[in-house]
Amino acid sequence: MRVCFRSSVQPELMAEYKQRHAAVWPEMLSALKDAGWNNYSLFLAPDGQLIGYLECEDYQAAQARMALTDVNTRWQAEMATLFAASDVPPDQGFELVEEVFNLEDQLAIAEAVTIAAGAVHTDITTGYPKEQS
């Protein structure tokens with residue numbers, strides 16, 4: 001499962017946000033990996049728009065596993081000051097973004113259709129299918 005989310009960092013605190021993410025606590029890195037957060041990246045736009053991407057088996061389950069860890073509770077408390085005031089920790093306030101295109105998925109579908117239909121060879125002089133020998 002691929003997951004994309006967005007949030008917003010206070011623009012005046014973006015440098016601090018970047019600094020904190022340049023050296024995430026090793027315990028936090030391990031907790032994320034153990035909870036099933038794979039290929040996890042964060043992208044920060046100049047206006048403070050934060051986009052996150054991860055791959056996991058089940059996002060709700062991976063998020064719930066993180067919520068049970070002490071290190072996540074401490075990390076979210078540290079990060080909360082960098083986001084707009086909210087009643088929930090930053091990792092619970094993510095807005096999920098719908099995926100509408102994935103190159104590998106589209107290529108796999110196109111390949112499956114081609115295989116299912118059989119390779120149709122076209123006569124380049126006529127543009128019509130030619131008989132296979």
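Starting from 1, each residue takes its place in the sequence as its number.
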Does a side-chain N-to-carboxylate-O contact under 4.0 Å join E16 and R20?
-> yes
Where at least one partner belongs to residues 36-55, residue pairs that pass ring-ring contact (aromatic ring centres under 6.0 Å, His included), sequence neighbours excluded = W37-Y40
Neighbour count above 12 (heavy atom, 6.0 Å) for E12 CD | yes
If only atom types and distance count, is the side chain of [X] paired as donor or acceptor with the main-chain N or O of [Y] below 3.5 Å?
| X | Y | value |
| --- | --- | --- |
| Q63 | D91 | yes |
| R2 | N102 | no |
| Q10 | F83 | yes |
| N72 | D70 | no |

So which atom in [X] and which in [Y] form the shortest heavy-atom distance, rounded to 0.1 Å?
| X | Y | value |
| --- | --- | --- |
| Y17 | L50 | OH-CD2, 3.3 Å |
| L13 | T81 | CD1-O, 3.4 Å |
| T73 | A67 | OG1-O, 4.3 Å |

Could you pull out all residues at least two apart from S8 that satisfy side chain to side chain contact (heavy atoms under 4.5 Å, CB included)?
-> Q49
Derivation and outcome, side chain to side chain contact (heavy atoms under 4.5 Å, CB included), residues M66 and Q92 = CA-CA 11 Å; M66 280 306 294; Q92 293 177 22; over 6 Å; no
Only one of D47, L42, L44 passes side chain to side chain contact (heavy atoms under 4.5 Å, CB included) with V9; say which it is.
-> L44
Drop me the distance from R74's CZ to T69's OG1, to the nearest 0.5 angstrom.
-> 8.5 Å
